[in-house]
Structures are given as C-alpha cells and as structure tokens.
Amino acid sequence: GAVVSQHPSWVICKSGTSVKIECRSLDFQATTMFWYRQFPKQSLMLMATSNEGSKATYEQGVEKDKFLINHASLTLSTLTVTSAHPEDSSFYICSARDGAGLVGYNEQFFGPGTRLTVL
Amino acid sequence: SQKIEQNSEALNIQEGKTATLTCNYTNYSPAYLQWYRQDPGRGPVFLLLIRENEKEKRKERLKVTFDTTLKQSLFHITASQPADSATYLCALGGSSASKIIFGSGTRLSIRP
C-alpha cells in the first residue's frame, strides 16, 4: 500500500513551453501533497505544500506564477512549469501524506520523480 | 538558519560489516527524525522514523539512534549487503506535522 505515482517519468521540452507533471496517490487519500526539486548530488528542496481544495503554500524564493500547483482531489496534484527555461531542468519529486495517519506520525510517501530537461 | 549535515563523502563498506551514517543538525528542535533511502533517478523511500522522546529504533537490520542533546542521529545497517548501496537521507520534522527538511544525503557503497 501507500503508492504514489508520477507522470511523466521524464520529459524534454523546448524553452518557453509549459509542462504539466501529475502526482497521484493510488491507494490512499492524500490531504497534503508536497513538491520537491532535486539537482544532481543535492538535497531535496521543498518547493510548495498543497492541501486538497486550497491554494498551495510556496517556499521562499519559489515563484508561484511560474510553478502552478493544483490539488483538486484527494488523490491528484499537478505541478505546471510555465514558460520553462533551461535553468528549470531538474528532477521533480512529489510526496503525499496519508490524512488518516496517526497523530504526530508524518511519514511521507514519495513518487518516483520526473526528470525535466528544457532545451 | 536551520541546517542538517550528513557525511558529504561517499562511504565504502565491506560486505557483512556494519555501516554507520551520521546526521547532525543545528538551530532546530525537531519533534521527529526520519531516514530515507534513495536510488539513482528514483524518489526517496521511507525507512524509519524516530521521535524526540525515543533514543533508539530498530527495524530488521536497521537501527537508528537519536540524541537531542548532541543534535545527532546515527543510522546503522548491520550485516551490510551490496543491495544496500544507495544514498541515505535524513529528514527532520516539527510538531506541526507540516513540512520536513532533508539533509543532502550520504552515498553508501557496499563492496562484495
């Protein structure tokens, strides 16, 4: 159980185009989903936290108009990179937390990641 | 600012030995600490969580200790196997059950 999927697993796009990445919790309801970005040999950097049915909370330095997040249901969150540029090339990973988990227990289940390459 | 430090250099261990990874943190009082495994090109996989009031937690060949005075966690893999080779990340979380902060990870290589 507790499986999170991402689609696509990799994408190559031209500079200036927009790319949408989907994150789905397959067998549980995710009241909260997180979006991370990871550059080679670096840590996961949290970009934003999204709660189902409300606006995402972005971390400092992350442009909300560039990285659009939608969490319309308890099993799906999407990240859209708008007007992508080569510096946006990275590994994007989502995670989901089971809203029915134990109080104080904060295990996050991660998706397999999406490799974005902007030419 | 909050800072998490893990061994930046790769750790090479002979198969069968115990691998010990370190996670130190500053300017933070986490309610819990987690360890994840990450393979190349994949998302992290949760391994263990230890709360601030726990000293040690075990799961099969894995053992985690948590010293809130030293602000340090140690992650041990006993009887290590080549399949244990991966990058291991520690992450800290607060009591608000919101976001967690990741360290940069330590790459572990187990040689046969």
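What you see is a predicted model, and the numbers here were worked out from it, not measured in a lab.
- Grouping the Ile, Leu, Val, Met, Phe, Trp and Tyr side chains by contacts below 4.5 angstrom, directly or via other members, places B/Tyr28 with B/Phe75.
- Proximity to chain B (any heavy atom under 4.5 Å) is shown, for A/Leu44, by both the backbone and the side chain.
- By the 4.5 Å side-chain criterion applied to Ile, Leu, Val, Met, Phe, Trp and Tyr, A/Leu116 is assigned to a cluster that also includes A/Val11, A/Val19, A/Ile21, A/Trp35, A/Met47, A/Tyr58, A/Val62, A/Phe67, A/Ile69, A/Leu79, A/Val81, A/Tyr92, A/Val118.
- Both B/Leu33 and B/Leu48 belong to a common hydrophobic cluster when Ile, Leu, Val, Met, Phe, Trp and Tyr are linked at side-chain heavy-atom distances under 4.5 angstrom.
- Ranked by heavy-atom pairs under 4.5 Å with chain A, the first of B/Ala91, B/Gly43, B/Pro44 is B/Pro44.
- Enclosure of atom NZ in A/Lys66 by more than 12 non-hydrogen atoms of other residues, nucleotides or ligands within 6.0 angstrom is indicated.
- Within residues 102-112 of chain B, the residues approaching chain A closer than 4.5 Å by heavy atoms are, in numerical order, B/Phe102, B/Gly103, B/Ser104.
- Both B/Ile50 and B/Leu92 are part of a single hydrophobic cluster, where members link through side-chain heavy atoms under 4.5 Å apart.
- Using a 4.5 Å cut-off between side-chain heavy atoms of Ile, Leu, Val, Met, Phe, Trp and Tyr, with links allowed through other members, B/Leu11 and B/Val64 fall into the same hydrophobic cluster.
- A continuous path of Ile, Leu, Val, Met, Phe, Trp and Tyr side chains, each step under 4.5 Å between heavy atoms, connects B/Ile77 with B/Trp35, placing both in one hydrophobic cluster.
- Around atom CD of B/Glu60, no more than 12 heavy atoms belonging to other residues, nucleotides or ligands sit under 6.0 Å away.
- Taking CG from B/Leu89 and CD from A/Gln38, the interatomic distance works out to 7.0 Å, rounded to the nearest 0.5 Å.
- In this structure, B/Gln38 and A/Phe91 approach most closely via the heavy-atom pair NE2-CE2, 4.2 Å.
- Counting heavy atoms of neighbouring residues, nucleotides and ligands inside a 6.0 Å radius, atom CD of B/Gln14 exceeds 12 of them.
- If you tally non-hydrogen atom pairs under 4.5 Å between each of A/Glu59, A/Gln42, A/Met45 and chain B, the highest count goes to A/Glu59.
- Counting only N and O atoms by type, the side chains of B/Gln34 and A/Gln108 include no donor and acceptor under 3.5 Å apart.
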